[in-house]
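As the structure is a computational prediction, the values presented were derived from the model and not from experiment. Chain naming here is simple, since letters A, B, ... match the order of the sequence lines and numbering starts at 1 in each.
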Amino acid sequence: MIARTHQCGELSRSHVGQTVTLNGWVQGRRDHGNVIFIDLRDRQGITQIVFNPEISASAHQGAHILRSEFVAAVTGTVALRPEGSANPDLATGEIEVLVKDVEVLNEAKTPPFVIEDEAEVTEALRLKHRYLDLRRPKMQKLLTLRHEVTQKVRSYLNGQGFLEVETPMLTKSTPEGARDYLVPSRVNPGSFYALPQSPQLFKQILMVSGMDRYYQIARCFRDEDLRNDRQPEFTQIDLEMSFVDRDQVMGSMEQMLRLVFREAAGIALPAPFPRMTYVEAMGGYGSDKPDLRFGMPLLDMSGFAATSEFKVFKDAVAKGGIVKALIVKGGATMPRSRIDALGETAKGWGAKGLAWVKVAQGGQLESVIAKFLDGKQLLASAPDAKPGDLLLFGADKPKIVHDVLGRLRLLLGDELNLVDRQAWKPLWIVDFPLLEYDEEGKRYVALHHPFTSPMDEDLLRLETDPLSVRAKAYDLVLNGNELGGGSIRIHRRDVQSKVFDLLGIGKEEAAAKFGFLLEALEYGAPPHGGIAFGLDRLIMLLGRADSIRDVIAFPKTQRAQCPMTDAPSPVAQDQLKDLKIKLDLVD
RNA sequence: GGGGCCGUCGUUCAGCCUGGUUUAGGACGCCAGAUUGUCAAUCUGGAGGUCGCGGGUUCAAAUCCCGUCGGCCCCGCCA
């Protein structure tokens with residue numbers, strides 16, 4: 001093989017006259033009879049190579065067999081392209097290589113789809129031939145971005161005194177959280193490892209070990225249904241720090257993210273990131289991950305509703321519920337059919353209905369419920385509502401009102417094109433409740449996870465009023481996406497036991513499932529806390545990718561299968577026998 | 001577990017509602033020939049399809065009905 005002297009994206013005017021060798025794939029062939037142009041492609045770029053019988057008759061002859069995706073080595077001289085034939089769309093467009101020698105390194109079948117960014121192919125086919133799909137410059141850029149981001153992250157954390165430590169992939173099944181992927185143990189028939197949902201417990205143990213600062217670009221597994229932004233195996237930037245409080249973790253992470261965004265993508269994030277409490281986020285945006293790229297906050301109209309003549313509003317407040325509104329600027333032009341459709345959508349999300357009011361040019365109200373409402377009072381309660389606007393009301397328990405109006409806000413933000421697509425709006429959500437009440441299970445469950453520390457000043461209410469206890473937890477939200485979450489952990493055995501009690505995890509159960517952690521806490525566990533970021537989602541946002549699958553080299557389909565390898569697949573009887581497993585598939 | 005959209009030459013899409021007028025069509029790709037400045041090259045010609053699969057209705061099914069398989073999106077689920 002003739003080894004390359006340069007890559008396909010690096011030759012320029014300054015190389016003119018040099019003899020070079022390029023290795024790469026044939027992108028396309030333009031045969032003009034006596035002169036043949038071929039675009040040779042590698043990861044770095046594309047260079048036009050020219051076969052001219054006046055330069056080399058044998059090379060020109062050899063070029064005739066070259067086809068798309070053939071792998072070739074060519075040697076020739078770099079030449080400036082003739083006047084007027086430079087290609088401004090190509091980084092190497094000023095020059096071309098006049099080929100003297102060509103070697104076919106490998107032939108290729110005609111690919112099932114063309115290797116171009118604009119190629120219109122179904123994703124199924126792309127995934128089946130992922131090796132071809134990944135040849136597309138767009139995919140190579142995304143994987144390159146991913147590489148650069150992880151390198152920046154490593155470099156930042158290394159500089160801050162973090163140690164990269166690997167934790168087990170074969171570990172213990174944890175009771176709460178997502179469904180586990182299980183791995184049978186041949187040596188211990190009937191027992192199973194679980195693939196980690198996150199290295200949570202191990203990183204806490206590492207703090208007890210005195211590692212002080214840990215990080216890992218950690219693969220995590222959760223056997224739940226897939227989404228556009230969810231894969232069964234995904235990667236977290238996972239880290240933990242000793243002797244820190246919330247502000248130190250958040251401060252350090254802001255610095256890291258600002259560095260990564262600036263250096264890997266040229267994006268300037270604000271300093272500091274804004275913060276919002278959980279209560280403010282839910283109340284103002286109906287979400288614990290508000291998209292701040294547009295306004296339209298939820299407006300509390302409960303006071304107005306309580307004194308109105310509209311029974312639905314009055315009753316909602318009387319029963320301890322709330323009434324909130326979205327002000328849709330200029331929404332008075334929205335046709336009745338669309339408003340009704342929004343109402344149906346809201347019902348699908350659990351609302352009983354969607355009251356609406358249009359503010360006419362004269363300031364009077366237009367609505368089927370207008371006769372029950374005092375226009376002046378309404379506008380006094382909603383000073384931002386102007387003639388031409390539409391108000392949409394939710395009246396119910398706070399949870400439903402916030403959920404429905406929050407979703408409606410996102411739907412309308414998108415539909416009415418209110419979202420600033422160029423904006424980057426990071427946001428910390430803090431002061432989460434420690435617990436929430438699970439109506440189905442009739443018990444308290446941890447909002448974050450069972451190892452999250454309660455706020456010191458709320459500790460006394462753990463037993464008397466558990467739902468009012470706030471956690472030392474924090475989520476990082478970017479453009480309405482939850483990018484990461486973490487907390488200061490419980491480092492005292494007695495507090496951890498109390499929290500387990502509240503969660504209904506008995507002493508025996510706690511000992512069986514987390515005994516090692518509880519014991520570790522008894523041997524001088526330092527105060528510690530950390531955070532984990534979803535690397536895939538981060539890359540997806542930074543690279544403006546359409547789906548999480550575009551930033552993972554070999555992703556799964558929605559049915560959690562890999563079309564290229566055909567995983568998962570049945571296994572041989574002998575393999576099952578080794579594991580002492582008998583299949584008895586039940587519905 | 002539930003809802004929606006989709007499946008037609010290698011690829012992508014039309015045809016399907018209103019069954020026969022289709023020898024299933026276009027574009028890209030592929031093959032052959034022509035072509036000395038293209039870069040989505042161009043021109044001429046050509047090959048290429050069990051209409052996802054199975055069953056049913058009918059004189060007749062890509063087209064109507066039922067089932068099934070596969071892909072994507074969403075709800076539930078994802079501490």
Side-chain angles (χ1 to χ4, degrees), chain A residues 27-41 46-55 60 64 67-69 79 81-90 92-93 96 98 108-129 132 174-180 197-198 200-201 220-232 234 345 348-350 403 407 411 432 434-436 438 440-441 444-452 471 473 482 485-487 499 503 505 513-514 532 534 546-547 549 556-559 561 563 566 587:
Chain A
Q27 172 72 35
R29 201 169 87 106
R30 297 178 293 279
D31 185 347
H32 287 246
N34 257 331
V35 65
I36 299 172
F37 300 99
I38 281 176
D39 291 333
L40 200 67
R41 185 196 71 238
I46 284 177
T47 300
Q48 172 167 285
I49 57 178
V50 185
F51 296 86
N52 190 324
E54 290 167 16
I55 306 281
H60 181 260
H64 278 97
R67 292 290 183 277
S68 286
E69 300 311 310
R81 292 198 190 182
E83 189 73 27
S85 63
N87 183 352
D89 298 332
L90 210 58
T92 59
E96 60 196 2
L98 307 176
K109 284 167 54 173
T110 301
F113 52 88
V114 289
I115 312 302
E116 283 172 2
D117 282 349
E118 302 75 26
E120 285 179 14
V121 215
T122 56
E123 202 177 355
L125 196 71
R126 286 174 51 201
L127 291 179
K128 184 170 172 59
H129 302 278
L132 297 178
T174 49
E176 297 197 49
R179 198 174 291 112
D180 281 323
Q197 292 183 26
S198 84
Q200 181 61 34
L201 296 177
C220 304
F221 304 85
R222 295 179 189 176
D223 187 5
E224 297 293 346
D225 286 342
L226 288 79
R227 285 288 187 284
N228 192 32
D229 61 353
R230 258 163 46 188
Q231 282 276 304
F234 60 99
T345 306
W349 291 331
D403 187 42
R407 289 183 192 218
L411 183 79
F432 284 85
L434 184 71
L435 308 165
E436 61 183 349
D438 173 22
E440 262 181 52
Y444 295 112
V445 292
L447 196 75
H448 193 55
H449 58 54
F451 318 106
T452 299
E482 185 195 328
S487 63
V499 170
L503 295 173
I505 303 175
K513 286 166 179 164
F514 313 110
D546 297 327
S547 96
R549 296 181 294 276
K556 309 279 189 290
T557 66
Q558 196 169 44
R559 292 169 56 87
Q561 295 169 340
D566 264 340
D587 288 325

Nucleotide G71(B), atom C1' - distance to NE2 of His129(A) in whole Å
15 Å
So what does Thr452(A) touch, heavy atoms closer than 4.0 Å: a base, only the sugar-phosphate, or nothing?
nothing
Side-chain N or O of Arg559(A) versus OP1/OP2 of G71(B): is the shortest distance under 4.0 Å?
yes
Sugar-phosphate, base or nothing in reach of Glu83(A), heavy atoms under 4.0 Å
nothing
Could you please name the partner base of U21(B), counting Watson-Crick and G-U wobble pairs only when both distances are under 3.5 Å?
none
When we call it a touch if two heavy atoms are under 4.0 Å apart, what does Ile46(A) touch: a base, just sugar-phosphate, or nothing?
nothing
In this structure, how many angstroms lie between the C1' atom of A40(B) and the CG atom of Asp117(A), rounded?
14 Å
So does Gln561(A) get a side-chain nitrogen or oxygen closer than 4.0 Å to the phosphate oxygens (OP1/OP2) of G71(B)?
yes
Has the side chain of Arg549(A) got a donor or acceptor atom sitting under 3.5 Å from an opposite partner on the base of C72(B)?
no
So what does Ala86(A) touch, heavy atoms closer than 4.0 Å: a base, only the sugar-phosphate, or nothing?
base
Opposite nucleotide pairing with A60(B), Watson-Crick or G-U, both atom distances under 3.5 Å
none
Using the P atom as the reference point in each nucleotide, state the distance between A61(B) and U68(B) in Å, no decimals.
24 Å
For Phe51(A) and Phe37(A), I'd like to know if the aromatic rings sit close, meaning centre-to-centre distance below 6.0 Å.
no
Interatomic distance, Leu40(A) CG vs C39(B) P [rounded to whole Å]:
19 Å
When rounded to whole Å, the NZ to C1' distance for the pair Lys556(A) and C72(B) reads 18 Å
In short, Ser68(A) meets Gln27(A) closest at the heavy-atom pair OG-O, 4.1 Å
For Arg230(A) and Asp225(A), indicate whether the former's side chain and the latter's backbone hold a donor-acceptor pair under 3.5 Å.
yes
Rounded to the nearest angstrom, tell me the gap between atom CG in Asp89(A) and atom P in U38(B).
14 Å
Can you work out whether Pro53(A) or Ser198(A) has the more 5'-proximal nearest nucleotide on RNA chain B?
Pro53(A)
Would one find a side-chain N or O of Ser85(A) under 4.0 angstrom from OP1 or OP2 of U38(B)?
no
Reckon Arg407(A) touches a base, only the sugar-phosphate, or nothing at all at heavy-atom distances under 4.0 Å?
sugar-phosphate
Looking only at heavy atoms, the pair that brings Ala124(A) and Pro563(A) closest together is O-CB, 4.4 Å
Kindly assign one of parallel, tilted or perpendicular to the pair His449(A) and Phe451(A), based on the angle between their ring planes and the thresholds 30° and 60°.
tilted
Is any side-chain N or O of Asn52(A) closer than 4.0 Å to OP1 or OP2 of U36(B)?
no
Going by purine N1 to pyrimidine N3 plus the second Watson-Crick contact, or the G-U wobble pair, all under 3.5 Å, which nucleotide sits opposite C77(B)?
none
Could you give the CG-to-P distance, from Asp180(A) to C77(B), as a whole number of Å?
18 Å
Regarding Asp180(A) and Gln197(A), do their side chains bring together a donor and an acceptor under 3.5 Å, going by distance alone?
yes
Check against salt bridge (charged side-chain N to carboxylate O under 4.0 Å, His left out), Arg30(A) and Asp39(A)
CA-CA 9 Å; Arg30(A) 297 178 293 279; Asp39(A) 291 333; 3.0 Å; yes
Intermediate values then yes/no, salt bridge (charged side-chain N to carboxylate O under 4.0 Å, His left out), Glu123(A) and Arg549(A)
CA-CA 10 Å; Glu123(A) 202 177 355; Arg549(A) 296 181 294 276; 2.5 Å; yes
Rounded to the nearest angstrom, tell me the gap between atom CZ in Arg179(A) and atom C1' in G76(B).
11 Å
Considering every strand shown, what is the Watson-Crick or G-U wobble mate of U38(B) when both distances are under 3.5 Å?
none
Indicate, with a heavy-atom threshold strictly under 4.0 Å, whether Glu96(A) touches base, sugar-phosphate, or nothing.
base
Using the C1' atom as the reference point in each nucleotide, state the distance between G52(B) and C72(B) in Å, no decimals.
16 Å
Hey, is His32(A) doing a stacking thing with A41(B), by the 5.5 Å centroid and 30° angle criteria?
yes
U44(B): pairing nucleotide in any strand, Watson-Crick or G-U under 3.5 angstrom
A32(B)
Looking for any heavy atom pair under 4.0 Å, which part of the strands does Glu123(A) touch: base, sugar-phosphate only, or nothing?
sugar-phosphate
Below 4.0 Å: OP1/OP2 of C75(B) and any side-chain N or O of Arg227(A):
yes
Looking at C73(B), I'd like to know if its phosphate oxygens (OP1 or OP2) sit under 4.0 Å from a side-chain N or O belonging to Gln558(A).
yes
Compare all side-chain heavy atoms of Tyr444(A) with those of Asp438(A) and state whether any distance is below 4.5 angstrom.
no
Side-chain donor or acceptor of Arg81(A) under 3.5 Å from a matching atom on the base of C39(B)?
yes
For atom C1', what is the distance between C28(B) and U23(B), given to the nearest Å?
23 Å
To the nearest Å, give me how far apart CG (Asp39(A)) and P (A40(B)) are.
9 Å
If you take all heavy atoms of Leu127(A) and Thr557(A), which pair is closest and at what distance?
CD1-CG2, 4.0 Å
P spacing across the pair G67(B) / C5(B), given as an integer number of angstrom
15 Å
Under 3.5 Å, which protein N or O atoms sit close to an N or O of nucleotides 5-11 of chain B? Give each pair with its distance.
{"from": "U11(B)", "atom 1": "O4'", "to": "Pro112(A)", "atom 2": "O", "distance (Å)": "3.2"}
{"from": "U11(B)", "atom 1": "O2'", "to": "Glu120(A)", "atom 2": "O", "distance (Å)": "3.4"}

Would you mind telling me which of C78(B), G37(B), C74(B) lies closest to the side-chain atoms of Ala178(A)?
C78(B)
Between the base of U36(B) and the side chain of Arg30(A), is there a donor-acceptor distance below 3.5 Å?
no
Along RNA chain B (nearest heavy atom to each residue), the more 5'-positioned of Gly84(A) and Gln197(A)
Gly84(A)
Both distances below 3.5 Å, Watson-Crick or wobble geometry, any strand: find the nucleotide opposite G54(B).
C66(B)
Using only atom types and a distance under 3.5 Å, with no angle test, would you say the side chain of His60(A) pairs donor to acceptor with the backbone of Asn34(A)?
yes
By the 4.0 Å heavy-atom rule, please label Asn87(A) as base, sugar-phosphate, or nothing.
base
Is there a donor on the side chain of Arg230(A) or the base of C78(B) sitting less than 3.5 Å from an acceptor on the other?
yes
Nucleotide forming a Watson-Crick or wobble pair with C16(B), both distances under 3.5 Å:
none
